[in-house]
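Here is the structure we will look at, set down as structure tokens.
The first residue of the sequence shown is numbered 1, and numbering continues consecutively from there. Counting convention: from 1, in listed order, for ligands and their atoms alike.
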Amino acid sequence: MKHIFKEGQNEKVLLLLHGTGGTEQDLLPLAGMIDPEASVLSVRGNVSENGMPRFFKRLREGVFDEEDLVERTKELNEFLDEAAAHYGFRRDQIVAAGYSNGANIAGSLLFHYEKSLLGAVLFHPMVPRRGIELPDQTGIPVFIGAGENDPICPASETQDLKSLLQASGAHVTDHWERMGHQLTEQEVRAAAEWYAAQF
Ligand code: MLT
């Protein structure tokens, strides 16, 4: 997968996953705010929707192509194995930070694979898939940044995601702002505080 890797000064690796229409450049400033000493692995989604990069196909806004989601999640998980071997970082030290479509594929890693992520920062995520049993995520810390007026991720969707992750054993912290779907500096700061307390 097309990506940027920057080696850091500690063992952590921040996996950056952009929103629809973004690139691997978009979230680089976030890494500096969340953990300036971590290595950075910023990946571009392999799917193109009318030229807009995404991490998996959707049938329409908010309705995912499940088969593609499952396939692309596997592809990303395998890419993380390969990147760890190639760049020489520890595979068990990856913390994802994703926005919107990128948060959804990070959530999908948690929904499908045990021990794929050490933790996750999900900005405006949705429930990636319903009706499946999640792998054991005991003790995995997850931060959810949500907007009370987010038209793409209604509050009920965020609550559902929180409950599903908690049922798998994850420790979920949700942070709400009176905003919509946009990523705000305030929620990134809240995520950075949460991250400092976790790792
Ligand atoms: C998705 O398709 O993953 C969500 O609708 C969010 C987005 O618009 O990217």
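Note on Glu75 versus Arg72: salt bridge recorded, some NZ/NE/NH1/NH2 to OD/OE distance being below 4.0 Å.
Its side chain within the 4.5 Å cluster rule, Leu118 clusters with Ile4, Leu14, Leu16, Leu27, Leu28, Leu30, Met33, Ile34, Val40, Val95, Tyr99, Val121, Phe123, Phe143, Leu183, Val188, Trp194, Tyr195, Phe199 among the Ile, Leu, Val, Met, Phe, Trp and Tyr residues.
Residues Thr20 and Arg54 bring a donor and an acceptor atom of their side chains to less than 3.5 Å of each other. Judged purely by distance below 3.5 Å, without hydrogens or angles, the side chains of Thr184 and Glu177 pair a donor atom with an acceptor atom.
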Working for side chain to side chain donor-acceptor pair (under 3.5 Å), residues Ser100 and His181: CA-CA 8 Å; Ser100 193; His181 194 62; 2.7 Å; yes
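Between Tyr87 and His3, the ring centre distance stays below 6.0 Å.
Within 4.0 Å of ligand 1, contacts by protein heavy atoms are made from Thr20, Arg54, Phe56, Arg58, Glu61, Gly62, Phe64, Ser100, Asn101, Asn104, Met126, Ile152.
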